[in-house]
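Step one of this worksheet: look at the structure below.
These figures come from a predicted structure and were not determined experimentally. A, B, ... follow the sequence lines: proteins, then strands. Residue 1 opens every chain.
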Amino acid sequence: MADEKQRKTLDQRHRMSDLERLRHSCAHVMATAIARLWPDAQFAAGPPVEGGYYYDVELAHRISPDDFPVIEDEMKKVVKENQTFERAVVSREEAIEMAQKGRLAALGERDTPSTFKIDLLKDIPEDEEILLYKNGDFWDLCAGPHVGRTGNCKAFKLMSVASAFYKGDASNPQLQRIYGTCFKNKTLLQEHLERLEEAKKRDHRKLGREMGLFHFDEMVGQGLPLWKPKGGIIRRELQEFISGELDKQGYHQVFTPHIGKLDLYRTSGHFPFYEESQYPPFAEREALRKLGDEGCTCGELMNALRTGEVEGFLLKPMNCPHHIRIFDSDHHSYRDLPVRLAEFGTVYRWEQSGELGGLTRTRSFTQDDAHLFCTPEQLGDEIQGCLGLVKTVFGVLGMTEYTVRLSLRDPESDKYVGDPANWDKAEEALREAVRTLGVDYTEEPGEAAFYGPKIDFVVKDVIGREWQLGTVQVDYNLPERFDLSYVGADNRPHRPVMIHRAPFGSLERFCGLLIEHFEGKFPVWLAPEQVRVLPISEKHNQYAEGTVAALAEAGVRVKSDLGGDKIGAKIRLARMDRVPYMLVIGAREEESQNVSVRHRDRDDLGTMTLNDFVGQVCEEIRNRSL
RNA sequence: GCUCAUGUAGCUCAGAGGUAGAGCGCGUCCUUGGUAAGGACGAGGUCGCGGGUUCAAUUCCCGCCAUGAGCUCCA
């Protein structure tokens with residue numbers, strides 16, 4: 001697996017774009033500057049990444065953003081010196097000798113060897129040649145390629161410093177990772193920095209607070225979102241939208257408790273296998289009392305829960321076991337299949353504290369979950385149905401910026417359960433379905449769940465992080481573990497295949513990305529407040545209230561601003577609240593029984609009768625127009 | 001979970017070893033104004049929580065909690 005990844009990066013290096021080549025070269029310029037400032041620096045890897053580059057360094061001095069100007073000044077000198085990037089092919093022995101003398105990723109020989117470079121050398125396959133690059137006195141182990149001269153790195157900036165485990169392994173030491181970016185010229189760099197600033201304004205955490213959509217409360221707990229009334233409206237609208245689609249596609253909605261007996265999860269295999277990422281189980285009161293009387297320790301209690309000696313309950317980390325028990329509560333003939341059970345199911349997972357963030361990663365979240373039980377023959381059609389649903393959902397919301405990932409098993413690994421022949425069938429069924437979908441997709445070997453392959457829809461957030469939203473997963477494992485069966489045409493029992501699917505994935509995460517996608521400017525059907533009525537003076541408050549009543553009667557979410565502000569201020573406020581429609585009401589409107597319509601983005605839409613406006617807005621809501 | 005940073009009014013932030021300030025928001029009053037900010041006055045803070053150093057801590061030190069970035073993880 002590590003080799004696989006290593007190989008991939010190597011491949012990518014040889015296929016670098018011009019910009020990546022420039023950024024990769026800038027990483028060397030930065031390393032040169034750091035080596036001048038701190039000669040004891042030990043460098044690991046320094047590749048280009050989306051938006052820039054980084055270089056990992058081990059250094060006694062803790063680099064902070066305060067050091068950036070100093071490093072950048074030194075980098076400017078290196079750029080000004082306009083050193084040539086020279087490529088050298090050396091023997092393995094020569095490379096190792098240089099590394100032993102501390103000569104790699106350094107400006108001269110040192111007392112200490114270039115430890116990380118020695119280790120990286122070991123990872124280069126025997127049949128591959130060893131490449132070094134040098135600029136000035138700075139030699140580095142590097143497959144390249146690079147730009148011609150350091151003078152090409154004209155427009156760069158150091159962005160941030162963080163830490164990263166060496167080779168991405170949490171058991172390895174942590175290095176300081178310094179991020180920078182580089183562009184062909186200063187204008188492009190400036191534009192990039194402005195884009196980043198703009199993007200931050202769309203951050204769902206910022207907008208969520210400003211717009212009063214959700215709240216995280218220290219007293220409630222980390223990663224446990226509270227949906228406020230306005231966010232609640234968005235969530236409810238999304239659920240109603242999905243429910244409508246489910247009805248069309250022959251799903252049955254079910255409701256299940258938020259907890260289940262540990263035995264349920266022992267059978268599914270999730271306990272104690274995923275114990276570390278679950279809220280701890282709780283024992284029955286009687287059992288606790290008895291163990292307490294016996295002077296049992298917490299450790300002993302946990303062990304007893306693990307072995308099943310003491311029965312306990314778990315907050316549900318997923319909905320599948322409950323749905324499986326619903327399926328299994330009836331006898332099924334092949335004529336009944338597929339059975340499609342759906343639920344907006346809230347699940348609880350003990351995510352690592354450092355992983356939590358806004359709505360995108362939480363400890364309680366609600367999946368728009370469903371489990372389909374079908375015959376092996378039905379699998380292909382059912383997958384296509386699921387993918388179609390995901391595509392429909394994304395389409396209605398205008399989310400076109402997604403990538404599709406087909407996650408397959410790693411044929412080398414033994415972590416996967418089930419019959420390889422079934423895996424082949426499932427992978428082929430998914431591949432076939434995603435092709436039919438007509439979108440670009442990437443195949444990712446080794447990314448499958450342990451119980452089956454899957455297709456994920458992935459969307460980026462404002463700072464470029466990728467998040468999995470919609471997912472369709474094939475599962476041969478759980479039907480086996482729960483010994484599910486249906487009666488076939490041959491009157492004999494057969495094992496159904498299960499599909500797990502969720503178009504949104506998690507409502508929390510989806511809403512987070514949706515907020516960023518719309519910049520808080522939701523389409524009318526989703527907007528918490530759809531229309532605001534703005535009387536020009538208090539003389540028209542009564543007519544305004546009548547207008548509000550008429551809209552509310554028609555099912556429109558409407559409010560009025562009856563305060564003493566001037567109309568300009570009221571408009572400003574409504575726009576900042578991102579209300580789609582504003583109705584300006586004054587003497588002229590009251591006289592003619594009309595309303596003046598203004599849109600948050602399209603400005604003045606002219607005057608029309610209240611009835612016409614109600615008709616238009618209701619139509620827009622009904623169609624879920626964008 | 002790890003590394004680093006941050007935590008001051010509802011929000012955005014300034015500040016200094018001697019118990020606090022701005023803008024916005026909020027409240028009251030004046031203004032009744034035609035398409036992105038009318039005016040006056042006022043209320044609001046145990047300076048995240050708990051220890052320590054000090055005559056004195058919101059400020060310095062330690063621990064915890066929370067948030068952010070990155071890494072690791074994600075059934």
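Nearest nucleotide to the A:F165 side chain, out of B:rA69, B:rG1, B:rU35: B:rG1. You'll find that the side chain of A:R361 is closest to B:rC74, out of B:rA75, B:rC74, B:rU32. Here the side chain of A:S277 is nearest to one of B:rG1, B:rA75, B:rG34, namely B:rA75. Taking the side chain of A:R205 as heavy atoms from C-beta on, and the options B:rC65, B:rA69, B:rC71, the nearest nucleotide is B:rA69. Distances from the side chain of A:S596 to the nucleotides B:rA75, B:rA66, B:rU35 place B:rU35 closest. For A:R598, whose side chain is taken as the heavy atoms from C-beta onward, the closest listed nucleotide among B:rC74, B:rU35, B:rG1 is B:rU35. Set against B:rA75, B:rG38, B:rG34, the side chain of A:A569 has B:rG38 as its closest nucleotide. Comparing B:rA37, B:rA75, B:rG1 against the side chain of A:R572 picks out B:rA37 as the nearest. In the set B:rC4, B:rG34, B:rG1, B:rC4 carries the atom at the smallest distance from any side-chain atom of A:R62.
For the residue pair A:D369 and A:H500, no side-chain donor N or O sits within less than 3.5 Å of a side-chain acceptor on the partner. Under 3.5 Å, the side chains of A:T609 and A:N594 contain no donor-acceptor pair of N or O atoms. A donor and an acceptor atom, one from each side chain of A:T256 and A:E343, are located under 3.5 Å apart. Under 3.5 Å, the side chains of A:S506 and A:Q367 contain no donor-acceptor pair of N or O atoms. A:Q473 and A:Y451 form a side-chain donor-acceptor contact under 3.5 Å, judged by distance and modelled atom types alone.
Residue A:R465 is in sugar-phosphate contact alone, with no base atom involved, counting any heavy-atom pair closer than 4.0 Å across all strands shown. Among the protein residues, A:Q468 comes within range of no part of the nucleic acid, since none of its heavy atoms lies under 4.0 Å from any strand. Note on A:G358: only backbone sugar-phosphate atoms sit closer than 4.0 angstrom, heavy atoms only; bases stay farther off. A:I63 comes within 4.0 angstrom of no nucleic acid atom, judged by non-hydrogen atoms across all strands. Using a 4.0 Å heavy-atom cutoff across all strands shown, A:S171 reaches no nucleic acid atom at all. Within the nucleic acid shown, A:A574 has no heavy atom closer than 4.0 Å to any nucleic acid atom. Across all strands, A:Q278 comes closer than 4.0 Å to base atoms (heavy-atom distances). Residue contacts shown for A:Q176 are absent, as no nucleic acid heavy atom lies under 4.0 Å away. Nucleic acid contact class of A:E589 (heavy atoms, under 4.0 Å, all strands): base. Residue contacts for A:F216: at a heavy-atom cut-off of 4.0 Å it reaches no nucleic acid atom on any strand shown. Within the nucleic acid shown, A:S160 has no heavy atom closer than 4.0 Å to any nucleic acid atom. Across all strands, A:G354 comes closer than 4.0 Å to base atoms (heavy-atom distances). A:G269 comes within contact range of no nucleotide atom at all, as no heavy-atom separation falls under 4.0 Å. Among the protein residues, A:Y179 comes within range of the sugar-phosphate backbone only, with heavy atoms under 4.0 Å from sugar or phosphate atoms but none that close to a base.
If A:I536 and A:A448 are placed on RNA chain B by their nearest nucleotide, the residue sitting closer to the 5' end is A:I536. Closest-nucleotide positions on RNA chain B for A:H270 and A:I463 were compared, and the one nearer the 5' end corresponds to A:I463.
If you take CG of A:D203 and P of B:rU12, they are 12 Å apart, rounded to a whole angstrom. In this structure, CG of A:L573 is placed 10 Å from P of B:rG38, rounded to the nearest angstrom. The OH-C1' distance, from A:Y416 to B:rA75, rounds to 13 Å in whole Å. Counting to the nearest Å, the P atom of B:rA37 and the CD1 atom of A:I571 are 9 Å from each other. Spacing between atom CG of A:D217 and atom P of B:rU67 amounts to 11 Å, rounded to whole angstrom units. In this structure, CZ of A:F273 is placed 9 Å from C1' of B:rA75, rounded to the nearest angstrom. Computed from coordinates, the A:N319 CG to B:rA75 C1' distance equals 12 Å when rounded to whole Å. Per the geometry, NZ belonging to A:K566 stands 12 Å off P belonging to B:rA36, to the nearest Å.
Comparing the C1' positions of B:rG10 and B:rG44 gives a spacing of 9 Å, expressed to the nearest Å.
Using Watson-Crick or G-U wobble geometry with both donor-acceptor distances under 3.5 Å, B:rA16 finds no partner in any strand shown. Taking a pair to require two hydrogen-bonding distances under 3.5 Å in either a Watson-Crick or a G-U wobble arrangement, B:rG23 pairs with B:rC11. Using the Watson-Crick or G-U wobble rule with both distances under 3.5 Å, B:rA36 pairs with nothing in any strand shown. The base-pairing partner of B:rG70, taking Watson-Crick or G-U wobble contacts with both distances under 3.5 Å, is B:rC2. Nucleotide B:rA57 forms no Watson-Crick or G-U wobble pair with any nucleotide shown, as no partner meets the under 3.5 Å limit on both distances.
A donor-acceptor contact under 3.5 angstrom links the side-chain atoms of A:S163 to the base of B:rG70. Taking 3.5 Å as the limit, the base of B:rG10 and the side chain of A:E210 contain no donor-acceptor pair of atoms between them. Not a single donor-acceptor pair, N or O on each side, falls under 3.5 Å between the base of B:rC11 and the side chain of A:R209. No N or O donor and acceptor, one from the side chain of A:R349 and one from the base of B:rC73, sit under 3.5 Å apart. For B:rA75, the base has no donor-acceptor partner in the side chain of A:S268 [N/O atoms by modelled type, under 3.5 angstrom].
Annotation for A:Q542: atom CD does not count as buried by contact number, only 12 or fewer foreign heavy atoms lying within 6.0 Å. Counting non-hydrogen atoms of neighbouring residues, nucleotides and ligands closer than 6.0 angstrom, the CZ atom of A:F273 reaches no more than 12 such neighbours.
Between A:Y54 and A:D56 there is a side-chain heavy-atom pair separated by less than 4.5 Å.
Considering A:K521, A:R600, A:R572, A:R532 in turn, A:R532 is the only one that fulfils the salt bridge (Lys or Arg N to Asp or Glu O under 4.0 Å) rule with A:D577.
For A:Y451 and B:rA75, the ring-to-base geometry does not satisfy the stacking test (centroid distance below 5.5 Å, interplanar angle below 30°).
Glycosidic torsion of B:rG63 falls outside 90° of 0, placing the base in anti.
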